[in-house]
Protein chains: 2
Amino acid sequence: MATIRELARLCGVSSATVSRVFNNPEVVNAQTRELILSTAARIGYLPNESARTLATKRSHMVGLIWDTDHRRPGWRHPFFQEILIGLKTALSERGYHLLMLATSEDGTPDSFLRAVRRHNLDGVVFIDNGRADPSLQPLAESEVPCVSLDRPVQGPWTTYVTSDNVGGAREAVRHLHATGRRTIATITGPARTRPGAERLRGYLEELAALGLAHRPELVVEGDFYLSSGHAAMRALLELEEPPDAVFAAGDEMAVGALRAVTEAGLKVPEDIALVGFDDIELAALVPPGLTTLAQDKAGFGTAAAAAVITMINGGVTPLPRILPTSLVVRGSTG
Amino acid sequence: MATIRELARLCGVSSATVSRVFNNPEVVNAQTRELILSTAARIGYLPNESARTLATKRSHMVGLIWDTDHRRPGWRHPFFQEILIGLKTALSERGYHLLMLATSEDGTPDSFLRAVRRHNLDGVVFIDNGRADPSLQPLAESEVPCVSLDRPVQGPWTTYVTSDNVGGAREAVRHLHATGRRTIATITGPARTRPGAERLRGYLEELAALGLAHRPELVVEGDFYLSSGHAAMRALLELEEPPDAVFAAGDEMAVGALRAVTEAGLKVPEDIALVGFDDIELAALVPPGLTTLAQDKAGFGTAAAAAVITMINGGVTPLPRILPTSLVVRGSTG
DNA sequence: CTGAAAGCGCTTACAG
DNA sequence: CTGAAAGCGCTTACAG
């Protein structure tokens with residue numbers, strides 16, 4: 001591997017000049033710049049990023065905290081893969097790489113912050129793991145730029161990206177109402193999660209706006225996973241006066257609910273209409289097709305990248321970014 | 001951020017001694033070691049990894065090449081997420097981090113190799129993207145330890161991890177035969193992919209072993225995606241003498257095939273039995289449940305991590321690792 | 001068991 | 001527009 005010194009010697013200049021060509025090209029004489037560039041290409045010179053980071057204190061790396069918990073499957077974000085692609089793409093367009101941080105090895109609350117400091121990471125993105133994770137707090141309170149997905153975290157250099165959960169839930173209920181349904185139940189996410197709480201709020205708000213009565217027994221809590229939707233739907237079907245429509249706060253739960261309806265010998269959408277949230281792949285695949293509120297999958301990654309880079313370069317903390325959702329109508333609402 | 005010099009000064013030792021405590025602890029006096037360790041904890045000293053990498057030429061980082069192609073969805077490995085978790089976990093247990101490499105920004109064939117060199121990566125793992133990617137060749141031919149998933153790549157420091165595709169395919173056919181089927185078709189993956197080619201080979205081998213005739217019209221090529229399975233199944237159903245069983249070389253295609261059977265007014269497994277490959281989540285969810293050959297999802301990540309670390313530390317290139325598959329019987333074969 | 005010193009490959013005021 | 005020099009924070013023979 002050629003170093004900056006060899007390249008400088010070959011070109012008859014100092015290494016400071018070579019350095020400038022790569023960091024501040026317009027400041028050096030055009031001819032020598034071309035000479036250096038072509039010689040660099042010829043001998044295959046590449047700046048050593050470790051040396052660069054040591055000198056500048058900027059690594060051009062952003063950490064990704066995606067706490068998968070060694071034993072339990074951990075929180076499966078409904079579109080983790082899309083977020084990852086969006087994030088990676090948007091970061092790399094701006095010259096940043098993504099370092100996947102290992103889950104708090106030693107269990108100490110500042111293990112993530114320590115990893116960030118050791119590796120001179122310029123910023124961090126974390127994907128909600130659905131639990132209260134104490135390791136995030138020291139990071140959020142630090143001087144490290146952080147952006148959180150789907151979970152509000154407090155800190156001077158911390159912001160978050162989330163969907164318009166309230167608006168989406170309201171649209172779900174409005175759509176069910178518009179198709180003639182009047183007894184609208186909901187299967188919620190866990191109340192402690194932000195999406196869970198907000199989608200419930202949207203449901204309640206829209207019920208009120210439409211002048212529909214709120215019947216507490218029509219609200220059943222799930223955990224975003226399929227089987228909880230199945231169980232919740234069975235409970236709803238056993239009510240004295242069962243619903244004619246259900247808004248499930250996540251597509252997986254909606255698919256579970258769909259199965260429960262079928263198993264009970266009823267039909268979707270004839271007997272029960274169903275709306276989910278997320279627009280996961282399965283939503284289009286499961287007959288008769290699941291009507292749902294699509295989240296802006298690519299937008300999450302892009303917005304997170306933009307936010308963290310703004311903090312790194314701009315020195316300001318951007319406001320939280322609320323991404324719009326969009327209703328995708330399929331067979332489950334007729 | 002405290003540096004090694006401050007810590008050394010505080011303890012009344014040289015920075016060389018502090019360095020030894022973190023790299024070669026048994027070589028320093030127990031008392032001073034304890035003093036240094038406790039003082040380090042007190043002042044929150046953390047070794048700077050960039051400086052370390054610069055001095056040692058080892059970054060303790062492994063690159064992940066997962067070429068997602070900006071526009072098209074790219075190759076969706078059937079269990080990318082599980083591989084990623086397994087890899088990350090296994091690497092972090094050995095003290096390595098995972099750096100997601102940006103897709104060949106400039107399109108030059110050595111862009112990955114350059115990224116590896118710039119960042120002093122100790123090794124690289126790549127996930128098959130289903131295309132011939134010329135950027136992998138320069139890497140594979142270099143001195144950088146590489147492990148490839150599902151695709152054999154040649155190089156002095158290169159090995160790969162894959163499933164026993166031939167054995168799995170043979171077991172699929174044997175299972176169908178054991179449940180009384182005699183006209184067994186297959187929907188293959190693309191012939192240019194290793195899993196595609198090998199699973200077809202297993203199908204043919206087992207047919208021969210069972211003394212069943214090979215009828216070329218019973219072999220239809222798909223592309224591993226759902227809709228290709230759907231189309232292939234429709235073609236099979238239109239044959240003069242349609243099959244009574246189908247082995248689809250991937251679960252997504254099997255689900256597409258299942259749909260085609262249902263749409264044709266036929267029943268699975270009564271009219272047509274179906275076996276897939278992969279054991280993706282959907283396999284258990286789609287009625288009547290898809291019989292399939294499960295790949296060892298966690299094993300991929302773990303084996304890849306083990307292989308790359310062996311090359312990094314051991315200085316030998318391990319043999320390719322072939323992971324066993326296991327038959328999971330569900331409703332689609334009765 | 002420990003320290004002084006050189007070196008890893010960059011960047012960046014400073015001076016010209 | 002360019003160079004000499006100091007510095008970034010570590011590690012590692014070498015000598016004791």
Side-chain angles (χ1 to χ4, degrees), chain A residues 1-37 39-40 43-61 95 97 114-122 313, chain B residues 1-37 39-40 43-61 95 97 114-122 313:
Chain A
M1 287 296 304
T3 72
I4 199 172
R5 291 183 54 154
E6 294 165 45
L7 178 53
R9 191 180 48 75
L10 246 38
C11 297
V13 299
S14 73
S15 53
T17 299
V18 174
S19 176
R20 290 189 190 100
V21 167
F22 288 98
N23 294 297
N24 226 353
E26 62 282 1
V27 95
V28 3
N29 176 287
Q31 280 193 25
T32 62
R33 192 204 306 147
E34 295 313 319
L35 172 63
I36 291 172
L37 251 18
T39 313
I43 68 173
Y45 167 74
L46 295 170
N48 181 320
E49 294 295 337
S50 302
R52 228 179 179 180
T53 299
L54 181 58
T56 63
K57 266 104 186 60
R58 313 183 99 224
S59 63
H60 298 276
M61 291 198 293
H97 285 85
R114 292 211 316 276
V116 168
R117 294 233 167 99
R118 287 178 77 114
H119 294 275
N120 303 104
L121 301 185
D122 294 340
N313 294 325
Chain B
M1 287 298 303
T3 73
I4 200 173
R5 291 183 51 153
E6 293 165 47
L7 178 53
R9 191 179 48 73
L10 247 38
C11 297
V13 299
S14 73
S15 53
T17 298
V18 174
S19 176
R20 290 189 191 103
V21 166
F22 287 99
N23 294 299
N24 226 354
E26 62 282 2
V27 95
V28 4
N29 176 285
Q31 279 195 24
T32 62
R33 191 203 308 147
E34 294 315 317
L35 172 63
I36 291 171
L37 250 20
T39 313
I43 69 173
Y45 167 75
L46 295 170
N48 181 322
E49 295 295 337
S50 301
R52 227 178 178 181
T53 299
L54 181 58
T56 62
K57 267 101 185 60
R58 312 183 99 225
S59 64
H60 298 276
M61 292 197 294
H97 285 85
R114 293 211 316 275
V116 167
R117 295 235 167 97
R118 287 178 78 115
H119 290 93
N120 303 105
L121 301 186
D122 295 339
N313 294 324

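Convention: sequence-line order gives letters A, B, ...; per-chain numbering from 1. All values below were derived from every heavy atom in this structure, side-chain atoms included, with hydrogens, water molecules and symmetry-related copies excluded.
Between the P atom of D:dC1 and the CG atom of A:Asn29 lies a distance of 7 Å, rounded to the nearest Å. Across the protein-nucleic acid pair, B:Leu7 atom CG and C:dG3 atom P stand 13 Å apart, rounded to whole Å. In this entry the distance linking CD of B:Glu49 with P of D:dC10 reads 9 Å, nearest Å. Taking atom CG on A:Leu54 and atom P on D:dC8, their separation rounds to 9 Å, with Å as the unit. Between A:Ile43 atom CD1 and C:dG9 atom C1' the separation is 14 Å, expressed in whole Å. As a whole-Å value, the separation of B:Asn24 CG from D:dA13 P is 11 Å. Between the C1' atom of D:dA13 and the CZ atom of B:Arg20 lies a distance of 10 Å, rounded to the nearest Å. In this structure, A:Arg58 atom CZ and C:dG9 atom C1' are separated by 19 Å, rounded to whole Å.
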Derivation and outcome, side chain to side chain donor-acceptor pair (under 3.5 Å), residues B:Asn120 and A:Ser50: CA-CA 8 Å; B:Asn120 303 105; A:Ser50 302; 2.9 Å; yes

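Between the side chain of A:Ser19 and the backbone N or O of A:Ser15, no donor-acceptor pair lies under 3.5 Å. Looking only at distances, a side-chain donor or acceptor of B:Arg33 sits under 3.5 Å from a matching main-chain atom of B:Pro25.
Between D:dT12 and D:dG16, the distance separating the two C1' atoms is 16 Å to the nearest Å. For the P atom pair drawn from C:dT2 and C:dA6, the interatomic distance equals 23 Å after rounding to whole Å.
Looking at the side chain of B:Ala51, the nearest of the listed nucleotides D:dA4, C:dG9, D:dG9 is D:dG9. Which of D:dC10, C:dC10, C:dT2 sits closest to the side chain of B:Thr17 comes down to C:dT2. Across D:dT2, C:dG3, D:dT11, the shortest atom-to-atom separation from the side chain of B:Arg52 is found for D:dT11. Among the nucleotides D:dC10, D:dC1, D:dG7, the one closest to any side-chain atom of A:Ala55 is D:dG7.
If you check every strand for non-hydrogen atoms under 4.0 Å, B:Phe22 touches nothing.
Taking side-chain N and O atoms only, B:Ser14 has no distance below 4.0 Å to OP1 or OP2 of C:dA4. For B:Asn23, a side-chain nitrogen or oxygen approaches OP1 or OP2 of D:dT11 to under 4.0 Å. Look at B:Lys57 and you'll find a side-chain N or O under 4.0 angstrom from OP1 or OP2 of C:dG9. Distances shorter than 4.0 Å separate some side-chain N or O of B:Ser19 from OP1 or OP2 on D:dT11. Not one side-chain nitrogen or oxygen of B:Thr32 sits closer than 4.0 Å to the OP1 or OP2 atom of C:dC1. A:Ser15 has no side-chain polar atom (N or O) that falls below the 4.0 Å cut-off from OP1 or OP2 of C:dC10.
In terms of heavy-atom proximity, B:Arg58 sits nearest to B:Thr53 at O-OG1, 3.4 Å. The shortest non-hydrogen separation linking A:Thr3 to A:Tyr45 is C-CE1, 3.6 Å.
The base-pairing partner of C:dA4, taking Watson-Crick or G-U wobble contacts with both distances under 3.5 Å, does not exist among the strands shown. Applying the Watson-Crick and G-U wobble criteria (two distances, each under 3.5 Å), C:dA13 pairs with nothing in any strand.
With salt bridges taken as basic N to acidic carboxylate O contacts below 4.0 Å, one links B:Glu49 and B:Arg52.
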